[in-house]
Protein chains: 2
Amino acid sequence: MFDELYQQLEEKISLSEKDKNCIPNFFETKFLRKKQLLLQAGEYCRTLAFVSTGALKSYTIDEKGIEHISLLAWEGWWVSDFKSFISDEKAILFIDAIEDSEILLLSKSNYEQLLIEVPSMERYFRILYQNSLVTKDRRLISSNTYTAEEKYNHLLKMYPFISQRIPQILIASYLGITTETISRIKKG
Amino acid sequence: MFDELYQQLEEKISLSEKDKNCIPNFFETKFLRKKQLLLQAGEYCRTLAFVSTGALKSYTIDEKGIEHISLLAWEGWWVSDFKSFISDEKAILFIDAIEDSEILLLSKSNYEQLLIEVPSMERYFRILYQNSLVTKDRRLISSNTYTAEEKYNHLLKMYPFISQRIPQILIASYLGITTETISRIKKG
DNA sequence: TATGTTTCTTGATTTACGTCAATGTATGGC
DNA sequence: GCCATACATTGACGTAAATCAAGAAACATA
C-alpha cells in the first residue's frame, strides 16, 4: 500500500521508523477504475495524488473539445492541478485513470501539517519540485525546438516502455502532435 | 544590493534580523554588461543567479545555430542551468545579459549550507520551485495547445510591459515562433 | 463466436507558420 | 551628426504537420 511511497521518499531523503509510522496517517487511499475521473476543471483541487499502482493522465480540454495531456503519471508519480491546489483557484485540469489504479491522497491541510511534523518532507518536496522543474524545462525546450519526429524519439528514449503501456493517441496528445503523425513517423 | 532579494524572500517567508545579516555572506555579487555571457553550454553550471537589476536570457542553440530561449529573467527572478547545477552534468544552456545587470551568485556549496543554516530558506525554495512548476506547466499547455497568436496574446496578458522591455525577436524565440509571425499578428 | 468500441494506419487535402529576401526604422558608439 | 548594427515589417513562396475521411486491427464484453 505505502511501499511505493516509501521507496520514492527514500530515494531523496532518509526516514526514521517513527516517520514511517506516522506518514500513512496523512494520506487517504483511493481506488480508481480505468476512465474514472479524479478531478474536473472548474472544481477545486484539494489534494495531491500519489500513484501507488496504475496510471493517470492530467489534461485540459479546449474549445473544440480536444484533450491536451499535460502529464502522464504512473507508479511513483504525483499528479494534481498544482495551481488550484496551492492557491485555491478553480482547476483548469481534468485528471482521470487510464488504467485501474490505486492512489494516495494528501489534502492541503495534511500536506501543510506533514511538512511541519516531518521536516524532512519539506526537503523531499523541495527536491521533488526541483527535479520536476528540470524535467518540465527540458520538455519546454523540446516542445519549442524539435520536430514532431524528434519529440517522439526523444520521449521513447526517456521512457522506452511507454509505447507498450500508453496508447499512441495519448502519447500524441502529450507531445502536442496527432496520432496520424506518429503513425507516419513509425513507418519511417 | 540585497534589497530585491530580501523583498522576494519576504513574499514567501519571514526573515529574522539575524537571517538577514547572514544571508549576504552566501552570495557573490557580479555585474554583467549587455551581451556578456554568464554560462556557456558544455561548462558546468556552478551557481544559481538571482537578478537584482537588469535582465538575462537562458537559451539553447540548435544544430542550425538558432537560439531557443527557455527563460527571460528580470529583477527578482532566478536563472541557472538547473539540471547542470543539481546533478553536476554539463550545461546545455547558454545564459547572457540582455541589459546591463547586477546579479547575486549562489554557489552549490553555499546553497546547501544556506538551506541548513537558514531553515526557512528550505521552505523558500520549496515554494519558489512549487510556483515555477505551475508557471512551467501553464507554458507547456500553452505551447502544445495554442496557436502562435494565442501564445503571443497570452504572454502579453501575463507580462503587459514585456513588449516595451524585451525585443520582439527575443519574445518570438521564447514563444517558439518567429518575429515575422509576431509582426503579422500585430498587424491584425 | 459474434459485436461493439477503441486504437492505429493510410491517403488526399488544407493550413498555419516558417523561410527567404528586400526594405524600412530605430538605436548606440564614436 | 554620421554610420553601423540591431530590430521590425512586408511580400512571395515552401513545407511540416493538421485535418478529414475511410478502413483495418486490436481489444473488450456479452
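Values reported hereafter were calculated over all heavy atoms of this structure, with side chains retained and with hydrogens, waters and symmetry mates removed. All values reported here derive from a predicted model rather than from experimental measurement. Reminder, nothing fancy here: chain letters follow the sequence lines and each chain counts from 1.
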Measuring to OP1 and OP2 of C/dT6, would you say a side-chain N or O of A/Q168 lies under 4.0 angstrom away? no
Check this one for me: any side-chain N or O of A/T181 less than 4.0 Å away from OP1 or OP2 of D/dA18? yes
Bend of the helix from C/dT1-D/dA30 to C/dC30-D/dG1 from end-axis comparison, five pairs per end, nearest 10°, comes to 60°
Reckon B/I182 touches a base, only the sugar-phosphate, or nothing at all at heavy-atom distances under 4.0 Å? nothing
Out of D/dA18, C/dT19, D/dT9, whichever nucleotide has its closest atom nearest the side chain of B/S183: D/dT9
Tell me whether B/D100 contacts the main-chain N or O of B/K34 through its side chain, where contact means a donor paired with an acceptor under 3.5 Å. yes
Is a donor on one side and an acceptor on the other found under 3.5 Å between the side chain of A/S143 and the backbone of A/R139? no
Does B/T147 have a side-chain nitrogen or oxygen under 4.0 Å from the phosphate oxygens OP1 or OP2 of C/dA16? no
For atom CG of A/D100 and atom P of D/dC27, their distance in whole Å: 17 Å
Measure from CD1 on B/I166 to C1' on C/dT27 and round the result to the nearest Å. 17 Å
Are B/R184 and B/E149 within salt-bridge range, i.e. N to O under 4.0 Å? no
Without swapping roles, check the side chain of B/E150 against the backbone of B/T147 for a donor-acceptor pair under 3.5 Å. yes
Output the single nucleotide from C/dC8, D/dT9, C/dT10 whose closest atom is nearest the side chain of B/T179. D/dT9
Mutual orientation of the aromatic rings belonging to B/W78 and B/F27 [parallel < 30°, tilted 30-60°, perpendicular > 60°]: tilted
Testing C/dA12, C/dG18, D/dT9 for proximity to the side chain of A/R184, the answer is C/dA12
Which residues in residues 150-157 of chain B have at least one heavy atom lying under 4.0 Å from any atom of DNA chain C? none
Parallel, tilted or perpendicular for A/Y129 and A/F125, by the 30°/60° rule? tilted
So, the side chain of B/T145 versus the backbone of B/I141: is there a donor-acceptor pair under 3.5 Å, distance only? yes
Rounded to whole angstroms, how far apart are CD1 on A/I169 and P on C/dT6? 11 Å
Side chain B/E149 and base C/dC17 donor-acceptor under 3.5 Å: no
Kindly say whether B/A55 contributes a backbone atom to a donor-acceptor pair with the side chain of B/S101 at under 3.5 angstrom? yes
Find every protein N or O atom lying less than 3.5 Å from an N or O atom of nucleotides 3-6 of chain D, and list the pairs.
residue : atom : partner : partner atom : Å
D/dA6   : OP1  : B/K35   : NZ           : 3.4

Heavy-atom donor-acceptor pair, A/Q168 side chain to A/T179 backbone, under 3.5 Å: yes
Kindly confirm or rule out a cation-pi arrangement of A/K57 over A/Y59, judged by NZ or CZ under 6.0 Å from the six-membered ring centre and within 45° of its axis? yes
Value in whole Å for how far the P atom of D/dA12 lies from CD of B/E180: 15 Å
Send over the distance from A/K187 NZ to D/dA24 P, rounded to a whole Å. 16 Å
Is the shortest side-chain N/O distance from A/K186 to OP1 or OP2 of C/dT9 below 4.0 Å? yes
Nearest whole angstrom, please: distance from the C1' of C/dT6 to the CD1 of A/I171. 15 Å
Taking atom C1' of D/dA17 as reference, at what distance in whole Å does atom CG of B/N144 sit? 14 Å
So which nucleotide from D/dT9, C/dG18, D/dT19 ends up closest to the side chain of A/T178? D/dT19
